[in-house]
Amino acid sequence: MKSSVITFPGSNCDRDMDVALKKFGFNNKMVWHNDNELPKSDLVVLPGGFSYGDYLRCGSMASKSKIMQSVINFAKSGGLVMGICNGFQILVETGLVPGVLLRNKYLEFICKNVFVKLDNKENTYFKNLNKDVLEFHIAHNEGNYFCTKDQLKEIKDNNQIALYYCNYEGKIDDQYNPNGSIKNIAGIFNKEKNVIGMMPHPERMIDQSLSGEDGSIFFKNLINNIK
Amino acid sequence: MKVSAIITLKKDVLDPQGKVIHQALDGMGFKNISEVRQGKYFEIDVNENDPNKAKAVVEDMCEKLLANLVIENFKIIETQ
């Protein structure tokens with residue numbers, strides 16, 4: 001299985017993602033933002049970080065970089081594209097997934113483990129996953145998911161909500177919402193479910209002794225689903 | 001020709017920074033405020049002499065990059 005991780009100026013989770021993908025069997029290539037063409041890939045990842053220094057709006061500059069046209073074409077032809085953290089911010093700026101990510105409600109940079117609940121397993125990312133609640137790590141300043149009322153209705157009607165912030169038992173409540181996201185939303189699909197954007201970092205949960213194993217569960221399942 | 005654009009958050013979008021600035025102003029004694037909203041201001045020097053054409057170019061920029069129309073409005077406020 002072939003994957004590509006795009007490196008933008010200011011990306012800083014690209015190598016972690018590379019390590020994670022390789023650990024679970026992907027043949028991963030790093031792709032520079034200024035390249036024109038994606039290598040042949042089964043999965044494209046937009047990693048976390050601070051692309052272009054978060055200037056203007058997080059992800060806005062990266063969404064216009066050269067490689068993104070190729071990523072957008074790949075996504076529109078049904079290819080799997082996963083945006084993590086800053087990658088999620090880039091995805092919303094391209095319009096591949098709906099909504100935007102605003103500054104966290106309490107204006108603080110949040111760096112901690114959170115639990116997220118899967119809402120929809122009818123997709124390549126979560127199909128056959130034997131858990132409904134996963135513990136991932138978040139580290140962001142602009143993760144406050146927002147969309148218009150009409151968009152919210154549409155994403156609900158199309159089952160586009162991928163992840164909700166919750167407690168360890170999967171209870172979704174305001175008190176488990178770290179950043180003020182509308183409806184506790186932590187991750188969103190596009191309509192076709194081949195594109196996913198999420199604030200939590202599964203690649204930071206791939207080693208029991210360092211962090212946790214829920215990222216390992218996610219990546220192992222993902223590669224099996226792609227095979 | 002210089003064109004200025006101002007970008008503001010739409011009415012129902014939460015503006016936490018504006019809220020904190022409001023609180024700070026309130027603490028400093030500026031009590032007569034009902035709301036503060038923070039926005040962005042751009043001054044763009046366009047190589048164009050026709051003010052309408054220059055405005056149109058900046059409008060296009062606002063739509064494509066400078067503003068995110070899901071949460072923001074923009075206004076071209078002056079040309080000189």
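Here the side chains of A/Phe136 and A/Asp214 are in contact, with some heavy-atom distance below 4.5 Å. Counting heavy atoms from C-beta on, the side chains of A/Gln151 and B/Val70 come closer than 4.5 Å. Between B/Val58 and B/Phe42, the closest side-chain pair of non-hydrogen atoms is not below 4.5 Å. Side-chain atoms of B/Met1 and B/Asn49, non-hydrogen and from C-beta on, never get closer than 4.5 Å to each other. A heavy-atom distance below 4.5 Å is not found between the side chains of A/Asn167 and A/Phe115.
Proximity to chain B at a heavy-atom threshold of 4.5 Å picks out nothing from residues 169-205 of chain A. When the heavy atoms of residues 41-58 of chain A are compared with those of chain B, the residues falling under 4.5 Å are A/Leu56, A/Arg57, listed by number.
More than 12 heavy atoms of other residues, nucleotides or ligands shown are found within 6.0 angstrom of NZ on A/Lys64. Heavy atoms from other residues, nucleotides or ligands lying under 6.0 Å from NZ of B/Lys40 number more than 12.
Proximity to chain B (any heavy atom under 4.5 Å) is restricted, for A/Asn104, to the backbone atoms N, CA, C and O.
Defined by atom type and a distance below 3.5 Å, a donor-acceptor pair is missing between the side-chain atoms of B/Asp26 and B/Gln23.
When each of B/Leu66, B/Ile71, B/Val20, B/Asn68 is checked for heavy-atom pairs under 4.5 Å with chain A, B/Asn68 comes out on top.
Listed by chain and residue number, A/Phe126 satisfy the ring-ring contact (aromatic ring centres under 6.0 Å, His included) test with A/Phe218 (two or more places apart in sequence, or in another chain).
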Hey, can you pull the donor-acceptor pairs under 3.5 Å for the side chains in residues 4-15 of chain B, sequence neighbours left out?
unit_1: B/Ser4; atom_1: OG; unit_2: B/Tyr41; atom_2: OH; d: 3.2
unit_1: B/Lys10; atom_1: NZ; unit_2: B/Leu69; atom_2: O; d: 2.5
unit_1: B/Asp15; atom_1: OD1; unit_2: B/Gln17; atom_2: N; d: 3.4
unit_1: B/Asp15; atom_1: OD1; unit_2: B/Gly18; atom_2: N; d: 3.1
unit_1: B/Asp15; atom_1: OD2; unit_2: B/Gln38; atom_2: N; d: 2.7

